[in-house]
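Only one structure is covered here, and it is reproduced in the block below.
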Amino acid sequence: MEKMPKWADVVLIPLISLILAAILSALVILAIGENPIEAVKLMVTGALGSTYGWGYTLYYATNFMFTGLAVAVAFHARLFNIGGEGQAMLGGLGVAMVCLYIPWPHWSVALLAACAGSMLFGAAWAAIPAYLQAKRGSHIVITTIMFNFIAAAFLNYVLVNLMRPPGAQDPSSARFPEAVHLPTFQSMFSTAENVVFKGTPVNITFFIAVLACFVVWALIWRTRLGYEIRSYGKTETGAVYAGISPVRITIIAMLISGALAGLMAINNVMGEAERLVLNATEGAGFIGIAVALMGRSHPFGVFLAAILFGFLYQGGAELAFWTSIPRELIVVIQALVILFTGALDNMVRMPLEKLFLSLRKGAQ
């Protein structure tokens with residue numbers, strides 16, 4: 001018998017964790033001499049009060065959906081893929097090679113090829129840690145962290161020595177041809193009389209991210225492979241007894257995870273920068289860990305958590321611009337959210353379990 005209802009685990013515990021993180025964040029804002037109520041108002045207005053704010057919020061959320069899904073798939077196989085950052089970097093290299101070196105007649109065809117390229121490169125970068133974990137017993141956390149640094153160094157070499165245009169100073173590739181530029185929300189939803197999402201980077205990739213959430217849900221809960229991944233994640237001994245290969249599941253789960261992380265490059269490389277630049281990921285691979293934790297590794301939860309972190313990113317930028325509150329405070333708020341939804345999960349969970357057990361006994 002479950003200690004608490006499913007809805008309490010999925011909704012109530014993350015909600016209470018968020019409230020606790022918000023209370024501590026308010027105390028931090030008070031400690032630096034600012035008004036937390038005014039700060040929240042400014043964040044809400046800056047992130048959600050206009051199509052401009054929504055444009056940036058959804059742009060950041062798109063990145064976090066991909067990396068959150070990547071971490072979530074690995075979580076289901078009891079794997080902690082902390083290498084989403086490096087996998088997204090290599091995904092960007094795949095996008096750049098597809099967009100720069102192959103002539104495309106239209107962005108829609110280029111988008112399909114870029115999705116394939118980003119997923120292939122991301123999966124390839126996850127394949128080596130997956131093999132080392134499955135065959136050699138090397139811990140996936142250690143190897144994926146190492147591969148983040150290797151990816152950054154490798155990408156720096158490629159951009160500086162191989163892809164940088166002649167005469168350019170910054171480590172970046174040439175700008176992608178006009179034919180592969182993705183439609184932005186401004187071009188999709190604006191009219192001659194009413195321009196919306198003006199100047200924001202949110203683009204059609206947002207819908208690909210939402211589609212990815214649905215595909216991952218179908219994969220994990222509606223396919224045999226998804227059942228095997230979840231079974232292996234719940235109990236390796238039972239999975240082996242049922243004929244499920246740990247080596248196969250470990251490698252497949254990490255390949256899917258790496259492909260999802262690599263897919264993020266469609267948004268920030270092809271959709272926003274329209275070229276490959278160093279550090280294009282901007283830490284989204286690590287934020288994906290918090291998104292997956294808060295979303296309970298469920299695609300719908302990942303979607304909601306990604307929107308929340310997109311709000312924190314954009315709202316924090318507005319807060320730093322209009323007040324004396326430093327931009328780093330948003331990192332503190334994110335850390336508090338991660339702390340309560342991850343490390344201190346049992347601090348909320350255990351009292352709630354006792355409460356529901358006592359209510360159940362009282363009802364009997």
Side-chain angles (χ1 to χ4, degrees), residues 66-95 97 115-158 212 215-265 281 284-286 288-289 291-293 297 299 302 342:
F66 287 124
T67 56
L69 289 171
V71 175
V73 169
F75 274 168
H76 281 293
R78 205 175 55 186
L79 297 167
F80 195 172
N81 179 17
I82 205 170
E85 192 82 355
Q87 291 149 19
M89 290 181 193
L90 267 293
L93 180 59
V95 169
M97 293 182 68
C115 285
S118 64
M119 294 173 71
L120 178 63
F121 275 62
W125 202 246
I128 302 174
Y131 174 83
L132 292 174
Q133 165 79 29
K135 287 288 193 177
R136 311 298 297 178
S138 303
H139 202 288
I140 199 75
V141 171
I142 304 300
T143 54
T144 49
I145 288 175
M146 290 170 58
F147 268 65
N148 284 337
F149 291 101
I150 297 171
F154 176 69
L155 189 62
N156 182 67
Y157 174 83
V158 170
V215 170
V216 170
W217 170 81
L219 169 70
I220 297 298
W221 279 278
R222 291 293 183 272
T223 67
R224 178 176 177 175
L225 175 61
Y227 174 77
E228 291 178 345
I229 290 173
R230 287 186 290 119
S231 298
Y232 176 74
K234 292 289 185 183
T235 166
E236 181 179 350
T237 305
V240 171
Y241 182 78
I244 298 172
S245 168
V247 172
R248 173 175 167 269
I249 291 301
T250 297
I251 292 177
I252 290 177
M254 281 298 295
L255 288 177
I256 296 171
S257 180
L260 287 166
L263 200 55
M264 188 198 89
T281 53
F286 298 114
I289 300 170
V291 169
L293 283 170
S297 298
V302 167

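Only this structure's heavy atoms are used, side chains among them; waters, hydrogens and symmetry mates stay out.
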Output all residues satisfying side-chain contact (heavy atoms from CB on, under 4.5 Å) with [X], sequence neighbours left out; order by chain, then residue number.
{"X": "Thr235", "result": "Thr237"}
{"X": "Lys234", "result": "none"}
{"X": "Ala77", "result": "Leu79, Ile229, Tyr232, Ile249, Ala253"}

- Any chance you could lay out the side-chain contact (heavy atoms from CB on, under 4.5 Å) test for Trp217 and Arg222, step after step, and finish with the verdict? CA-CA 8 Å; Trp217 170 81; Arg222 291 293 183 272; 3.8 Å; yes
What is the distance from atom [atom1] of [X] to atom [atom2] of [Y], rounded to the nearest 0.5 Å?
{"X": "Leu120", "Y": "Met97", "atom1": "CG", "atom2": "CE", "value": "10.0 Å"}
{"X": "Met89", "Y": "Phe154", "atom1": "CE", "atom2": "CZ", "value": "12.5 Å"}
{"X": "Arg78", "Y": "Glu236", "atom1": "CZ", "atom2": "CD", "value": "5.5 Å"}

Determine the minimum heavy-atom distance between [X] and [Y], stating which atoms define it.
{"X": "Ser297", "Y": "Ala72", "answer": "CA-CB, 3.7 Å"}
{"X": "Met264", "Y": "Ala88", "answer": "CE-CB, 4.0 Å"}
{"X": "Leu132", "Y": "Thr143", "answer": "CD1-CG2, 4.1 Å"}
{"X": "Ala127", "Y": "Leu255", "answer": "CB-CD2, 3.7 Å"}
{"X": "Trp221", "Y": "Pro299", "answer": "CZ3-CD, 3.5 Å"}
{"X": "Val95", "Y": "Ala265", "answer": "CG2-CB, 3.9 Å"}

- Should Val73 and Val216 be marked as a side-chain contact (heavy atoms from CB on, under 4.5 Å) after you check the CA-CA gap, both sets of side-chain angles, and the distance that decides it? CA-CA 8 Å; Val73 169; Val216 170; 3.8 Å; yes
- Query: Going by the side-chain hydrogen bond (donor to acceptor under 3.5 Å, both in side chains) test, which pairs reach into residues 80-95, not counting sequence neighbours?
  - Reply: Asn81-Gln87, Asn81-Ser257, Glu85-Thr281
- Please list all pairs passing the side-chain hydrogen bond (donor to acceptor under 3.5 Å, both in side chains) test where one or both residues lie in residues 238-251, with sequence neighbours left out. Glu228-Arg248
If you look only at distance, which donor and acceptor atoms sit under 3.5 Å apart when one is on a side chain in residues 144-151 and the other is two or more places apart or in another chain?
{"residue": "Thr144", "atom": "OG1", "partner": "Ile140", "partner atom": "O", "Å": "2.6"}
{"residue": "Thr144", "atom": "OG1", "partner": "Val141", "partner atom": "O", "Å": "3.2"}
{"residue": "Asn148", "atom": "OD1", "partner": "Gly86", "partner atom": "N", "Å": "2.8"}
{"residue": "Asn148", "atom": "ND2", "partner": "Ile82", "partner atom": "O", "Å": "3.0"}

By the salt bridge (Lys or Arg N to Asp or Glu O under 4.0 Å) test, which pairs, at least two apart or in different chains, include something from [range]?
{"range": "residues 120-134", "answer": "none"}
{"range": "residues 121-144", "answer": "none"}
{"range": "residues 145-158", "answer": "none"}

- Task: Please identify each residue that fulfils ring pair (Phe, Tyr, Trp, His ring centres under 6.0 Å) with Phe75, with sequence neighbours left out.
- Result: Phe80
- Would Leu225 and Ile256 count as a side-chain contact (heavy atoms from CB on, under 4.5 Å) if you check the C-alpha gap in whole Å, the side-chain angles of each, and the deciding distance to 0.1 Å? CA-CA 11 Å; Leu225 175 61; Ile256 296 171; 4.3 Å; yes
- Message: Can you list everything that forms a side chain to side chain donor-acceptor pair (under 3.5 Å) with Arg230? Sequence neighbours excluded, please.
- Response: none
